[in-house]
Amino acid sequence: MPDSPGKDSDTREDDNVSHGGYFHNKRVKQRAQDRALQAQMPAGSTSRVLSGCTVYVNGHTDPPRLALHDLVVRHGGVFLHYLSSKGAATHIVAEHLPPRKRVEFRNCKVVSPRWLLDSVQQGRQLPWAPYSVLGGSALSAFPVTSVASAEGSTPTLAAESSNTPTVAAEHTNTPTVPSVSAPTVAAGNSITRTVASPTVPATRADAPSTRADAPAARAETFPTVASDPEAFLRSYFEHSRLHKLSEWKARLRQEFVRAHSAEPPLTAPPTRVLHIDFDCFFATVAFLHRDKRRFPSLDFARDPVAVCHGRGSSDVASCNYAARALGVRNGMWAASAQRRMPAGTTLTLLPYDFAAIEAASAAFYAVLRGCPDFRWVLPVSIDEAVCVLRGEGEDEIALAQQLRREIRERTGGCTASVGIGASLVLARLALRLAKPDGVYAAGGDPSPPDSFWEQFGVRDLPGVGGAAVAKLGGADTATLSTLRHSTTLPSLQTQLGNKLGGKVWAALHGQDDRESQRMLLDPCAVFDRKSVAVDINWGIRFATVPQVDAFLDVCAGYVANKLRECGKRAGNVTLKLHRRAAGAPVEPPKYLGMGRCDAVSQAAGLGVPSGDVGVLATELKALFRALAVPVRELRGVAVHLAKLCGDQEVGPRTPGQWLGKGRVGAGALPAPVSTTPKATTPKGSAGTSAERYRRLRVSPVKDRAAVPRPAASDPGVAAFLEALPSQLQREVRRDLAGAIGESGVGRGRLRAEMQRRAEAARAVNAHLTGSGGTLLAPVRFQGEASFKRVCRTVEAWVAATCSGNGASDGPHERDVLVFLRYVEKLCVGDRVHLALRVASLVSTALALRETSCGDTRAYAEWEHILVRRVLPVLNRNRLTFQTERKLDVEWEV
DNA sequence: TAGACATTCCAG
DNA sequence: CATCGCTGGAATGTCTA
């Protein structure tokens, strides 16, 4: 196969289309893998016979799955490792199907492996019907729409219809899920799922659209992280209350900043604030929007009601006051809540109604924002706001009652309560007394009387949670009244820490601490986003490293999109993983929950602030390998981006923001490190380590100036190194430090470090050898498939080409081509980290060589190869390398 | 001693 | 059938230059 530059042009187009989208196209990568595979095969053994076929293999087959993969790819087809939706494959290959699968795939072309073999043998795609595993008769064809959307660029349709003329036009609009019988069902696009009704009665179908035949709909397969990370995340977030809560809050804050950023901060804290929120919001909304035929006589005031997804280990998101009176609490599991019901009483479980919640919240905020008495309406959450009154003297209670009335009317019956006070903390405490469905104004001068404080415990104070109560040593039974007389500021600070101690002390005197006051004085500064994150700690179950990589790609896409939406870039990325705790059961009590876990995290500075998916994805994969959590033990994945700055602020020419710091332009070639002014070296590990690296590299060379060198290559290896993900940079530097005998690592840490690296090595090894279940074909270098041995070969090669006495000119062109090809295959074959590893290996080996012998010709030659030839290969893959640093390097060179 | 990073806690 | 355990921000502890 020719190495023509345009050979993956269609991939690039796909990339462009998907760039900036919520999730990027996984298929592109699969195809790239397969193309790489095909490129490795001898030219005579390939064909285009299966062109247009997208094949999924179900269950055990003869020949086995791997052989079929090979066959399909070899003959121009697309092989799916897993089935994201039934529309994704044109053919499902199986020997036989269990009954359940027969139902699931009853509208698909399910063929025996023989169909593939015979088609290839005869050199054309044979009719599939005679090979049908389901009996072949009168099967409806594959939905044309889904086939078309699955592969935009391949002429699938033509190939399909020529073989199966029965794909009649009548099917054009057949939905994938056959059970949606009513044509009036709203175009709920994406995945149709049967919403399990958590309600006690066994009857189903509470969903807004009525389904005549729900049981058939149940055959729908649900996306899992491993099988379809993108669909999993989308579906998960559509159903996660905590995700919604966070998302809504972020949106409200952003809207606030947009509307008020022009206004100056207040100079003095306001004297009166009003804290307002809905009573048991989710439960109220769920009740108001319940299926009235199923719950005709439900009485919200008397009957206990809770909102949750299921009935066992499902969290109670919200419950009404009748349920609370019986001991039900938010966050409790549904089964546990049920158990608290006295005999004869049942807890009614209602499903979430997120759309209705959003609508009610919109009405709520509309009422508040429309009130002329408020200087500011500060959003706290979807159902809660702090309103800052313009002045004093209004009739606060009357105002509050008026607002509550309007809110109830405009939300169709949601009640809200209002607490009023001279500070945030007093308004909040007052709100507690106001609930449910009331108003309370905290009075008293300068602070409320003991009778007010008597009604609270420490747990009622903002900022005081379980941990703080534990630190107070069971003081949770004391009322705030006794506490304010019995404690002192120093004792609180000893017990709770400086900040929280001070905060509690202030609260006991009816005042807000500095931190809380900031929200009143300069809300825009407080609401301005300082970090971006995605956390997934439910449903995380992986079997192989590539599955995790694919999920990290999705996460990177998600946070990158968030960054773009708020117009920011990140300077720092953290990967946080939850790992099943030793001794914890493999499957925890909560369905697909994380169970008992240990948390680990590692951060990486990006050097140049970035919002690029590729940069983020690369860093995340590197961090994942550094953390070395065995894939099967993973129970949670979180990505946090910090050190945000506006995306305008990162002009490509901002001096001092680049990694090298000293490198400002091609003309300003490296001043000796010793003379680099300290002040221009910004803080940041990348910068300081880079300095160290350069010092290390440069020092032992004597007569450098005497050798004519291309000006560009002077910062060569350093530039190359800096363009690597920070994790790898760190490793390379550690290697260097170790080799030179520099001991920058403490004793205890060293051991932990060794252990971690051993584990990381095992993880990578598992990935390589396929023992983790990877289906990737081996990539060979000089016939060698073992990465370890390839590394040794490469090292020896570098050594041989510049170990000379000054006579060596560097490597042979032929060898360089072979090496480049190897790196390229690694990249395309989804093993970027290995590509990076082997490339950094060369630079390390080189740096070591250079410090020990002065073979400058060969060294310069190698630098040239690294920077001008290897780096571009790495850069070519959008999702695997770092486009922005690439610019840096190219501009430099 | 400042700062970077890891970890913990809280809220809704 | 399950079930959807998020996320931003502050504070504190620890290590290093």
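The sequence lines fix the lettering, A, B, ..., with proteins before strands; numbering per chain opens at 1.
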Problem set entry | Near-ring test A:Tyr352/A:His309, centroid separation under 6.0 angstrom | yes

Exercise. With A:Ser381, which residues qualify under side chain to side chain donor-acceptor pair (under 3.5 Å), at least two apart?
Worked result: A:Asp383

For this session: Considering just the side-chain nitrogens and oxygens of A:Arg241, establish if one lies under 4.0 Å of OP1 or OP2 belonging to B:dA11.
Result: no

Problem set entry | side-chain N/O A:Arg253 vs C:dG8 OP1/OP2, d < 4.0 Å | no

Seminar exercise, completed: When rounded to whole Å, the NZ to P distance for the pair A:Lys643 and B:dG3 reads 11 Å

Problem set entry | Geometric cation-pi criterion, A:Arg253 with A:Phe256: 6.0 Å, 45° | no

Seminar exercise, completed: From OH of A:Tyr558 across to P of C:dC6 the rounded distance in Å is 11 Å

Exercise. Which of these nucleotides, B:dC5, B:dC10, C:dC6, is closest to any side-chain atom of A:Trp538?
Worked result: C:dC6

For this session: Please list residues of residues 492-504 of chain A whose heavy atoms come under 4.0 Å from any atom in DNA chain C, ordered by number; otherwise none.
Result: A:Gly497, A:Asn498, A:Lys499

Exercise. How is A:Asp598 classified with respect to the nucleic acid when contacts are heavy atoms under 4.0 Å: base, sugar-phosphate, or nothing?
Worked result: nothing

Exercise. Stacking here means centres under 5.5 Å and planes under 30°; does A:His243 stack on C:dC6?
Worked result: no

Exercise. Heavy atoms under 4.0 Å, any strand shown: does A:Ala250 hit a base, just sugar-phosphate, or nothing?
Worked result: nothing

Exercise. Looking for any heavy atom pair under 4.0 Å, which part of the strands does A:Arg635 touch: base, sugar-phosphate only, or nothing?
Worked result: nothing

Exercise. Nearest to the side chain of A:Ala467 - C:dT3, B:dG12, B:dC9?
Worked result: B:dC9

Problem set entry | Any A:Arg518 side-chain nitrogen or oxygen under 4.0 Å from OP1 or OP2 of C:dA10 | yes

For this session: Verify the contact: side-chain N or O of A:Tyr352 to OP1 or OP2 of C:dC4, cut-off strictly under 4.0 Å; return yes or no.
Result: no

Exercise. So which heavy atom on A:Asp512 is nearest to which on A:Gln517, and how close?
Worked result: O-NE2, 3.8 Å

For this session: Return no unless some side-chain N or O of A:Ser246 is found under 4.0 Å from OP1 or OP2 of B:dG12.
Result: no

Problem set entry | Closest-nucleotide ordering on DNA chain C, the 5'-leading residue of A:His640 and A:Trp333 | A:Trp333

For this session: For A:Ile536, answer base if it contacts any base atom (sugar-phosphate contacts may also be present), sugar-phosphate if it contacts only those atoms, and nothing otherwise; contact means non-hydrogen atoms under 4.0 Å.
Result: sugar-phosphate

Problem set entry | Between B:dG12 (P) and A:Leu461 (CG): distance, integer Å | 13 Å

Exercise. Between A:Lys562 and C:dG8, is there a side-chain N or O to OP1/OP2 distance below 4.0 Å?
Worked result: yes

Exercise. When you match A:Asp535 and A:Ser313 each to their closest nucleotide on DNA chain C, which lands nearer the 5' end?
Worked result: A:Ser313

Exercise. What is the nucleic acid contact for A:Gly466, judged by heavy atoms within less than 4.0 Å: base, sugar-phosphate only, or nothing?
Worked result: sugar-phosphate

Exercise. In terms of side-chain geometry, is the basic nitrogen of A:Asp315 or A:Arg241 positioned less than 4.0 Å from the acidic oxygen of its partner?
Worked result: yes

For this session: Find the distance A:Arg529:CZ to C:dG9:P and express it as a whole number of Å.
Result: 7 Å

Problem set entry | Sugar-phosphate only, base, or nothing, as touched by A:Asn330 at under 4.0 Å among non-hydrogen atoms | nothing

Exercise. Hey, is the side chain of A:Ser601 poking within less than 4.0 Å of OP1 or OP2 on B:dT7, counting only N and O atoms?
Worked result: yes

For this session: Report the distance from atom CG of A:Leu424 to atom C1' of B:dC10, rounded to the nearest whole Å.
Result: 16 Å

Exercise. Reckon A:Gly571 touches a base, only the sugar-phosphate, or nothing at all at heavy-atom distances under 4.0 Å?
Worked result: nothing

Problem set entry | Integer-rounded Å distance: C:dT3 C1' and A:Asn537 CG | 15 Å

Problem set entry | Integer angstrom distance from the C1' of B:dC10 to that of C:dC4 | 22 Å

For this session: Look at A:Arg234 together with A:Glu238 and state whether they make a salt bridge at an N to O cut-off of under 4.0 Å.
Result: no

For this session: Check every strand shown and say whether A:Lys590 touches a base, only sugar-phosphate, or nothing at a heavy-atom separation below 4.0 Å.
Result: base

For this session: Please find out if less than 6.0 Å separates the ring center of A:Phe232 from that of A:Phe222.
Result: no

For this session: Name the nucleic acid region contacted by A:Arg514, choosing base, sugar-phosphate or nothing; use a 4.0 angstrom heavy-atom cut-off, strictly under.
Result: nothing

For this session: Salt-bridge test for A:Glu633 and A:Arg541: reply yes if a basic N is under 4.0 Å from a carboxylate O, no otherwise.
Result: no

Problem set entry | Nucleotide C:dG8, atom C1' - distance to NZ of A:Lys249 in whole Å | 7 Å

Exercise. OP1 or OP2 of C:dC6 sitting under 4.0 Å from any side-chain N/O of A:Lys576?
Worked result: no

Using residues 530-538 of chain A as the side-chain source, report each donor-acceptor pair under 3.5 Å to any protein atom, sequence neighbours left out, with the distance given to one decimal.
from: A:Lys530; atom 1: NZ; to: A:Ala525; atom 2: O; distance (Å): 3.1
from: A:Lys530; atom 1: NZ; to: A:Val526; atom 2: O; distance (Å): 3.1
from: A:Lys530; atom 1: NZ; to: A:Asp528; atom 2: O; distance (Å): 2.6
from: A:Asp535; atom 1: OD1; to: A:His640; atom 2: NE2; distance (Å): 3.2
from: A:Trp538; atom 1: NE1; to: A:Tyr591; atom 2: O; distance (Å): 2.9

For this session: Give A:Asp315 one of three labels, base, sugar-phosphate or nothing, depending on what nucleic acid heavy atoms sit under 4.0 Å from its own.
Result: sugar-phosphate

